[in-house]
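Contents: one structure, followed by commentary.
Not measured: the values here are computed from a predicted model. By convention in this document, chain letters (A, B, ...) are assigned in the order of the sequence lines, proteins followed by strands, and residues within each chain are numbered from 1.
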There are 2 protein chains.
Amino acid sequence: MAENIPIYQQITSYIKEYIETGIYQKGNIIPSEQEFCNQFNTSRMTVRKAIDELVNDGYLYRIQGRGTFVSHWVYRKSLEVLGFSYHMKQLGYTPSSQIISFEINIPQPSIAERLKILPTENVFYLSRVRMADLEPIAIENVYLPEKRFPGLDTYSFEENSLYEILKTKYNAEVVLKQEKIHAVMVAGHDARILFGKEKGVGMRMNGVDFDANMTPVAYADSIYHGTKYIFDVIFR
Amino acid sequence: MAENIPIYQQITSYIKEYIETGIYQKGNIIPSEQEFCNQFNTSRMTVRKAIDELVNDGYLYRIQGRGTFVSHWVYRKSLEVLGFSYHMKQLGYTPSSQIISFEINIPQPSIAERLKILPTENVFYLSRVRMADLEPIAIENVYLPEKRFPGLDTYSFEENSLYEILKTKYNAEVVLKQEKIHAVMVAGHDARILFGKEKGVGMRMNGVDFDANMTPVAYADSIYHGTKYIFDVIFR
DNA sequence: CAGTGGTCTAGACCACGCC
DNA sequence: GCGTGGTCTAGACCACTGG
């Protein structure tokens, strides 16, 4: 029995699994809060905390006086916070990268400011072509503070997920991204890589990644192929 | 005294106001949960519910053992759920619209499906040029089920916010949007409106708006000016 | 009416950060 | 050790939807 996982997390996992396996069907009602209290032998506030979380994440919705229901739309997390590699795998593609450059630099002042470091502190600069099933999908430029990630340059980012390494090796899990997105005309070198010709339409996405303490972890500036990559976003 | 507003909502409003007026500064600690208990003469669970909400919305973050802090970045709600008019006002522009067409149609099957109505049920089709300070920013095409919004065609959408009317007149508040976003080359009629020339780069955004019961309220398909409009999005 | 979710109480013990 | 947030209890009353 001995569980150190909080009860409310056990309940959210339980309900999530039942949704994902289709035991709780889209649009259908799920057991009442009281029933979960009995099943998990816990108090109602604990059950409510579990359900609150799933409502917030968009899995469930409540109607007062009637019950709690499974959301209708196909659930999709904001996959972008989990990085390109994870995202592509979810979509069924094989992600890969081709390193354009990986070096240690003095940052541009605007980038230092976004990373909340001094302009005299070094940053890693990692530039990669991101591919799905060997087709170029995006050009990604990432800047990371050297101080926070000593020895980062000893890893290979051809196959490894940057986010995975930050999380497992440096205990820096990205939980939030603030991004600016707009359409751009891509030309020159970037266009030849992404489109194989001199011009093409792309989407520029640039912003800062934060960890749970709201400390900036990385600044990324990427250009995505306009037609091969479609963002799927949920606004609340 | 007599307040029918829940205590936890009073507390969220209180804290929000203190953040917005700068009394609680970005990155600084706010009073402990116990202090709010005393101040509002309530229990800790109620205070936590209030703070939970603000943490979820990105206003605050907590560090166990230390305290609760105001988020560093400039707070910005997913303004897109509130519609173009509201969004532009927030940014300090004067929004306006020019109606291209407003009619009742049989929907395309794909649109009927997204709105979860029968293909034989009518939809309103509203097409507008959206402007900020009289500059064309986007072309927006919206489809709404006639059954849900009888008499919608009696309103003027030159100045009025569509979302405002849905909310106040039809009790249909949009709380969630699921959108697909990608960059496109705009040409022909649309390009002449947005760019004043034959070609330009734009961002296409199309998706469904849902109310609190997760019932589809509208389907929108819009094209935004690539350089005049920059999406500012927070992913969690 | 009974059953659901919405709000709230007045405590409790634990895990963590800091001094 | 002390104060913070993290989890949890065992009740309570209210507001709403349904039959």
Nucleotide of D:dT7, C:dT7, D:dT4 approaching B:Gln9 most closely (side-chain heavy atoms): C:dT7
message: Could you tell me how far apart A:Asn41 (CG) and D:dC8 (C1') are, to the nearest whole angstrom?
response: 12 Å
task: Starting at atom CD1 of B:Ile11, determine the distance to atom P of C:dC8, rounded to an integer number of angstrom.
output: 8 Å
- line: note: B:Phe36, atom CZ; D:dG5, atom C1'; distance rounded to Å ~ 14 Å
- request: Mind calculating the distance between CD1 (B:Ile5) and P (C:dG6) to the nearest angstrom?
  value: 18 Å
message: If you compare every side-chain N and O of B:Tyr8 against the phosphate oxygens of C:dT7 (OP1, OP2), does one of them come in below 4.0 Å?
response: yes
query: Less than 6.0 Å separating the ring centroids of B:Phe102 and B:Phe157?
result: yes
- prompt: In terms of side-chain heavy atoms of B:Arg48, which of C:dT7, D:dA15, D:dT7 is nearest?
  reply: D:dT7
- prompt: Would you say B:Tyr170's side chain and B:Leu152's backbone share a donor-acceptor pair under 3.5 angstrom?
  reply: yes
message: Of the options C:dT4, C:dC8, D:dC8, whose atoms approach the side-chain atoms of A:Ile7 most closely?
response: D:dC8
- prompt: Rounded to the Å, how far apart are B:Met45 CE and C:dC13 P?
  reply: 16 Å
- prompt: For A:Ala50, does its backbone N or O pair with a side-chain atom of A:Glu53 as donor and acceptor, under 3.5 Å?
  reply: no
- request: State whether B:Ser32 places a side-chain N or O below 4.0 Å from either non-bridging phosphate oxygen (OP1 or OP2) of D:dT4.
  value: yes
message: Quick check for you: among C:dT4, C:dC8, C:dT9, whose closest atom lies nearest to any side-chain atom of B:Thr42?
response: C:dT9
- prompt: Taking only N and O in the side chain of B:Lys49, is any of them less than 4.0 Å away from OP1 or OP2 of C:dT7?
  reply: yes
field: B:Arg66 vs A:Gly65, nearer the 5' end of DNA chain D by closest nucleotide
entry: B:Arg66
statement: Separation of C:dT4 atom P from A:Glu35 atom CD, nearest Å, is 6 Å
message: Checking the side chain of A:Gln10 only, and the main-chain atoms of A:Ile5 only, is there a donor and an acceptor separated by less than 3.5 Å?
response: yes
- prompt: Taking OP1 and OP2 of D:dT7, is either one under 4.0 Å from a side-chain nitrogen or oxygen of A:Thr46?
  reply: no
- request: Classify the nucleic acid contact of A:Ile51 as base, sugar-phosphate or nothing, counting any heavy atom under 4.0 Å across all strands shown.
  value: nothing
field: B:Arg44, nearest nucleotide to its side chain (from C:dT7, D:dT9, C:dA12)
entry: C:dA12
Salt bridge A:Arg148-A:Asp211, side-chain N to carboxylate O under 4.0 Å: yes
query: Rounding to a whole Å, what distance do you find between A:Glu33:CD and D:dC8:C1'?
result: 16 Å
statement: Separation of D:dC16 atom P from A:Ile63 atom CD1, nearest Å, is 14 Å
